[in-house]
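See below for the structure under consideration.
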There are 2 protein chains.
Amino acid sequence: MAENGSPGGETLLFLTDEQLRRGIEAMFFAYRAFTADPDRLLEEYGYGRAHHRALHFINRQSGLTVTTLLAVLGVTKQSLNRVLRTLIEDGLVESRVGRRDKRERQLYLTDAGAVLERSLSEAQRGRMRSAYRTAGPQAVAGFRQVLEAMMGPDLQRLYQQMKDE
Amino acid sequence: MAENGSPGGETLLFLTDEQLRRGIEAMFFAYRAFTADPDRLLEEYGYGRAHHRALHFINRQSGLTVTTLLAVLGVTKQSLNRVLRTLIEDGLVESRVGRRDKRERQLYLTDAGAVLERSLSEAQRGRMRSAYRTAGPQAVAGFRQVLEAMMGPDLQRLYQQMKDE
DNA sequence: TTGGATAGTCAACAAGACTGACTTAAAGTC
DNA sequence: GACTTTAAGTCAGTCTTGTTGACTATCCAA
């Protein structure tokens, strides 16, 4: 019922349902805060979270194809297309015909797109930076370990691939 | 560019944008996995994530009022009401007029509601448990520390209150 | 007892996810 | 060269979940 003592360790095998539930609730509340800052900014531009995600990954991996982005975001192409179309119309994203395979479309941020991506990213990094500083480097390492274990093999592969490219 | 060495610590003040971005992406992918298991179950019942959240917190704090639940979930009461109505109609949640204040409605899970909550929770705890086991107790402590720092004061207060009641 | 604040409900709308069916263009294969 | 597959995009329709605005019921205090 009450929190188990010995905060550091030794309690590995005593994973009570209560401890797990606390973890679940922490994820819920933290994710809400995590998205809150960019959400405020996005609203000013009339965009949503979906636009942010697209901008983020196009920035991260410039020139990626629509299919790749689809896999990373885990949504249907109809859903992505709605978002992508407005970003292209508004001049934040550019879609170029693939060099090798002309069926593909490669996605790039325009200068304006890079500006918005940067301010969204900065809002989100601000909170992350402050959380990291508060919790300390050892906690940060643990944070990343648990998240990586939580994503499961498929998403973990995506996540790791992103590091290299 | 590359991941800094010395996995344990010492890198506190070297919070590069790249490191922060990795954290952001880890949150994104992990949260997706985090919700995937209960989502599959919910679909069988014709419910969504909002129903899960309501069931979770009603179970956690039996007899809480609609207003309290509203604050915890961070949505508008109209949005919550739609979800709550279907849960009540389907006999998973009971809404009783408040004893002291008759304007209030106190919310309780029925037996059927408790059964569904339990299976949703079990699905979610399964992934959490496995991530905790993989990462180890020290990582778990860090995970919780970073999440708590990330939620900010308001949500952290809600989160902490929930522990006691 | 009247009038304002609070708790909750009903109605209508928008964003963003989904499925399904289809087109176009390019690439690959027999 | 004809056929199939693949990448991208489109149109239509649905669902969940968020929103605002207008409303009712209850409580409390002047």
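All values below come from the heavy atoms of this structure, side chains included, with hydrogens, waters and symmetry mates left out. Letters go in sequence order (proteins before strands), and every chain restarts at 1. Computed from a prediction, not measured in an experiment: that's the story for all the values here.
Side-chain atoms of Arg118(A) and Arg125(A), non-hydrogen and from C-beta on, do get closer than 4.5 Å to each other.
To the nearest angstrom, P of dG9(D) lies 9 Å from NZ of Lys77(A). Here the C1' atom of nucleotide dT16(D) and the CG atom of Leu80(B) are 14 Å apart, to the nearest Å. Rounded to whole Å, the distance from CG on Leu73(A) to P on dG16(C) is 13 Å. dA26(C) atom C1' lies 17 Å from atom CZ of Arg99(A), rounded to whole Å. Spacing between atom CD of Glu89(B) and atom P of dC10(C) amounts to 9 Å, rounded to whole angstrom units. For the pair Asp101(B) CG and dA5(C) P, the computed distance is 17 Å after rounding to whole Å. Taking atom OH of residue Tyr47(A) and atom P of nucleotide dA14(C), one finds them 19 Å apart after rounding to whole Å. The distance between atom CD of Gln78(B) and atom P of dA22(D), rounded to the nearest whole Å, is 12 Å.
No engagement by Gly46(A) is indicated, since no non-hydrogen atom pair under 4.0 Å with the nucleic acid exists. Backbone-only contact: Arg85(B) has heavy atoms under 4.0 Å from sugar-phosphate atoms and none from a base. When heavy atoms are screened at a 4.0 angstrom cut-off, Thr76(B) is found touching base atoms of the nucleic acid.
Remark: Ser79(A) is not in phosphate contact with dG16(C), judged by side-chain N or O atoms under 4.0 Å from OP1 or OP2. Taking 4.0 angstrom as the limit, His51(B) places a side-chain polar atom (N or O) nearer than this to OP1 or OP2 of dT17(D). Between Thr65(B) and the phosphate of dA7(C), there is no side-chain N or O to OP1/OP2 separation shorter than 4.0 Å. Note on Arg53(B): a side-chain N or O is less than 4.0 Å away from OP1 or OP2 of dG18(D). In this structure, Asn81(A) reaches the dG9(D) phosphate: one of its side-chain N or O atoms is under 4.0 Å from OP1 or OP2.
Phe57(B) and Phe28(A) have tilted rings, their planes meeting at an angle from 30° to 60° on a 0 to 90° scale.
Side-chain proximity of Val75(A) to the nucleotides dG18(D), dC18(C), dA27(C) is greatest for dC18(C). Side-chain atoms of Arg49(B) lie closest to dT17(D) of the nucleotides dC27(D), dG8(C), dT17(D). With dT19(D), dC18(C), dT6(D) as the choices, the nucleotide that has an atom nearest any side-chain atom of Arg103(A) turns out to be dT6(D). Picking from dT17(D), dG20(C), dG8(C) the nucleotide with the shortest atom distance to the side chain of Arg105(B) gives dG8(C).
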For this session: Dump the intermediate steps for side-chain contact (heavy atoms from CB on, under 4.5 Å) on His56(B) and Gln124(B), then the final yes or no.
Result: CA-CA 11 Å; His56(B) 175 99; Gln124(B) 199 156 43; 5.5 Å; no

Problem set entry | side chain to side chain donor-acceptor pair (under 3.5 Å) assessment of Thr76(B) paired with Ser79(B) | CA-CA 5 Å; Thr76(B) 59; Ser79(B) 189; 4.5 Å; no

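In terms of position along DNA chain C, the nucleotide closest to Glu104(B) lies nearer the 5' end than the nucleotide closest to the other residue of the pair Glu104(B) and Gly48(A).
Cation-pi geometry between Arg22(B) and Tyr159(A) is satisfied (NZ or CZ under 6.0 Å from the ring centre, within 45° of the ring normal). Cation-pi geometry between Arg96(B) and Tyr108(B) is met: under 6.0 angstrom from the ring centre, within 45 degrees of the axis.
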